[in-house]
Engineer: 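Below: one structure in structure tokens.
Atoms within each ligand, like the ligands themselves, are counted from 1 in listed order.
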Amino acid sequence: MKTRATTVLLVALGIAFAGNTVSAGANGLSGGAEPASASPYVVGGNDTTAAEHPWQVLITNNDKPWCGGVLVHPMVILTAAHCVVAGNGIPWETNAAFNFKAYIGRTLVGEGGQELDWGSSSGEPTYSASTETNDWGFVSLASPTSAPTLKIAGPKERFLWEPGAVTVVSGFGRTTETSGASTTLQEVTVPIISDTGCGAYADFFNPASMLCAGYLEGGKDACNGDSGGPLSGAADLGVRRLVGLVSTGEGCARPNYPGIYTRVADPAISARIQQQVKAIEDENHFPAAYRGISIVGSGAKPIGCSSATKASTRATKLVAAKKRALKAARKSAKHHRIKAAKKRLNKAKGNLRKAKAKAKEVCS
Ligand code: ARG
């Protein structure tokens, strides 16, 4: 029942973005934009390209930038619930005032890339517009895209979103609290912040479905229009994983108000999202080749793990070689040769111990 009034309000105010702003009222629809002071709330990112973020989706409403999204499956976009459904859970698209399109492969907001074949959208049923919890939703495509997908970090890939982990958020959202959409895709690096250290949000921050990232000193953050877009981390061997979706925040880049992201890599949530994607595959009768697709990653290791593992394997082989050398020296029965071989073996063993410890440290 709220949908109609909300729509009229959105249209009347010409609000360009889906709004999920902490300071907004119960329906979270104020669109954000009331700077608390005169500081320039620059989001602090830099220009980037679709080539760097090939899974980044731009959702437009009536051909104006509306939200971000991330391709997690050749036929499914993951985005924020508030981007696709109203507070009552009814999809915005059921109202004629909304006209969504989705693009992938865009570096510039108004051109390039490909339009995706929008099928239908849905929000997580437990999404709450008042508490802004469980903020994830889906766009199911009517035909597949060959664009690269980004997998959600798996249960054993927790290192990617531990406090302090370096993550990147991207989108066409505002570059200041009051500006319009960015003309060029932006990215900004933000560290993950612990659940208990998320600035001044107090009880609003709910770690059951929210993940905190950014800087307590402010200056770098996602902003309106970035919602639903990816927060991702880098693993070893060039692998990237999705760890969050832009969800909400008090203003943008304000001190003590870091960004709040949907905690998609939490095993409880990623399992649920995987189930929901499975249901979408079945209900929308995806072609056989697009069924049973795993959208949760596994096996990614921290950066440097692979080379540390290789170094440890090499050190193991070296110890074996030095053992053979010692055996040969013993056969020769030459005291000085035996002594030297023992010394080399001990050195190799020492190196192996160090290499193993190092690999354990980097890989865990
Ligand atoms: N709700 C906003 C949107 O719809 C995103 C807000 C993110 N804000 C932040 N400070 N990180 O686009």
Engineer: Side chain or backbone, does Gly225 bring an N or O within less than 3.5 Å of an N or O on ligand 1?
Structural biologist: yes
Engineer: Check whether any side-chain heavy atom of Asn134 lies under 4.5 Å from a side-chain heavy atom of Ser128, and answer yes or no.
Structural biologist: no
Engineer: What atoms in ligand 1 come closer than 4.0 Å to a heavy atom of Ala18?
Structural biologist: 3 (C), 4 (O), 12 (O)
Engineer: Numbering the atoms of ligand 1 from 1, which are under 4.0 Å from a heavy atom of Cys252?
Structural biologist: 10 (N)
Engineer: So, does Gly214 sit close enough to ligand 1 that a heavy atom of it is under 4.0 Å from the ligand?
Structural biologist: no
Engineer: Give the contacting part of Ala80 toward ligand 1: side chain, backbone, both or neither, where contact means a heavy-atom distance below 4.0 Å.
Structural biologist: neither
Engineer: Could you tell me whether Cys83 approaches ligand 1 through its side chain, its backbone, both or neither, with non-hydrogen atoms closer than 4.0 Å?
Structural biologist: neither
Engineer: Please determine if Asp195 and Arg263 form a salt bridge, counting it only when a charged side-chain N lies under 4.0 Å from a carboxylate O.
Structural biologist: yes
Engineer: Provide the number and element of each atom of ligand 1 under 4.0 Å from a heavy atom of Val246.
Structural biologist: 5 (C), 7 (C)
Engineer: Please could you name the atoms of ligand 1 that Asp226 approaches to less than 4.0 Å, counting only its heavy atoms?
Structural biologist: 12 (O)
Engineer: Any idea which of Thr248, Val190, Val169 brings a heavy atom closest to atom 8 (N) of ligand 1?
Structural biologist: Thr248
Engineer: Less than 4.5 Å apart, side chain to side chain, heavy atoms only: is that true for Met75 and Glu281?
Structural biologist: no
Engineer: Hey, is Gly251 one of the residues with a heavy atom under 4.0 angstrom from ligand 1?
Structural biologist: yes
Engineer: Please identify which atoms of ligand 1 are closer than 4.0 Å to at least one heavy atom of Gly259.
Structural biologist: 11 (N)
Engineer: What I want to know is whether Ala222 and ligand 1 share at least one N or O pair that is separated by under 3.5 angstrom.
Structural biologist: yes
Engineer: Test the Arg254-Tyr257 pair against the cation-pi criterion, namely NZ or CZ under 6.0 angstrom from the six-membered ring centroid and within 45° of the ring axis.
Structural biologist: no
Engineer: The criterion is ring pair (Phe, Tyr, Trp, His ring centres under 6.0 Å); which residues satisfy it with His53, sequence neighbours excluded?
Structural biologist: none
Engineer: Under 3.5 Å between some N or O of ligand 1 and some N or O of Ser227?
Structural biologist: yes
Engineer: Given Ser179 and Arg174, is the side chain to side chain donor-acceptor pair (under 3.5 Å) satisfied, shown in steps?
Structural biologist: CA-CA 6 Å; Ser179 65; Arg174 293 177 176 167; 5.8 Å; no
Engineer: According to ring pair (Phe, Tyr, Trp, His ring centres under 6.0 Å), does anything in residues 213-243 pair up with another residue at least two apart or in another chain? List the pairs.
Structural biologist: none
Engineer: Would you say the ring centers of Phe17 and Trp66 fall short of 6.0 Å from each other?
Structural biologist: no
Engineer: Is any side-chain heavy atom of Phe138 less than 4.5 Å from a side-chain heavy atom of Ile273?
Structural biologist: yes
Engineer: Taking 4.0 angstrom as the limit and counting only heavy atoms of His82, give me the atoms of ligand 1 inside it, by number and element.
Structural biologist: 1 (N), 3 (C), 4 (O)
